[in-house]
Amino acid sequence: MHSYRKELWFQTEKRREFINITPLVEECLRESGIQEGLLLCNAMHITASVFINDDESGLHRDFEQWLEKLAPEKPYDQYEHNVGEDNADAHLKRTIMGREVVVAITDGRLDLGPWEQIFYGEFDGKRRKRVLVKIIGE
Ligand code: ZN
């Protein structure tokens with residue numbers, strides 16, 4: 001069995017952003033040379049997510065509005081966590097959107113469904129943060 005590990009770094013300009021990282025993950029898979037196996041991709045920070053969904057801008061605005069209804073950023077003092085920081089909403093949004101995805105690798109390719117794309121979801125950005133890519137297989 002072979003294994004491969006890489007960290008991908010991101011620094012968003014806004015507090016919240018969704019970035020399609022599918023091409024970066026595919027590059028990792030090419031670099032690994034693995035043809036059959038499993039790929040794990042996870043955010044390494046507790047205020048960011050990795051998730052799979054459609055690359056459609058209307059849907060991304062829907063996610064933003066839905067998450068703001070569930071865990072509004074402001075007022076900051078509505079959260080007990082916000083003592084000396086202001087990112088309680090980001091922790092909650094990350095939990096809703098998930099920490100990681102696992103994708104099957106078949107014939108050296110990500111075995112995704114027709115509209116599935118992998119996203120980095122940032123909820124407390126404007127600083128350098130990491131995503132882990134781990135691949136195991138043959
Ligand atoms: Zn925090």
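We count ligands from 1, going down the list as the structure has it; atoms in each ligand are counted the same way. Bear in mind that the values here come from a model prediction, so they are computed numbers and not experimental data. Numbers here are sequence positions counted from 1. Note that these values count all heavy atoms, side chains included, but never hydrogens, waters or copies made by symmetry.
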Can you see which heavy atom on Ala71 is nearest to which on Leu92, and at what distance?
CB-CB, 3.8 Å
Assess whether side chain to side chain contact (heavy atoms under 4.5 Å, CB included) is satisfied between Lys129 and Thr47, documenting all intermediate values.
CA-CA 10 Å; Lys129 289 162 80 170; Thr47 53; 2.8 Å; yes
If you have a sec, read the angle at the Zn ion (ligand 1) from His91 atom NE2 over to His81 atom NE2, to 10 degrees.
90°
Answer yes if Ile136 and Ile118 sit in the same cluster of Ile, Leu, Val, Met, Phe, Trp and Tyr residues linked by side chain heavy atoms under 4.5 Å apart, and no otherwise.
no
Answer yes or no as to whether an N/O/S atom of Asn87 is found below 2.8 Å from the Zn ion (ligand 1).
yes
Closer than 2.8 Å to the Zn ion (ligand 1): does that hold for any N, O or S atom in Glu85?
yes
Any side-chain donor paired with an acceptor under 3.5 Å for Glu122 and Tyr120?
yes
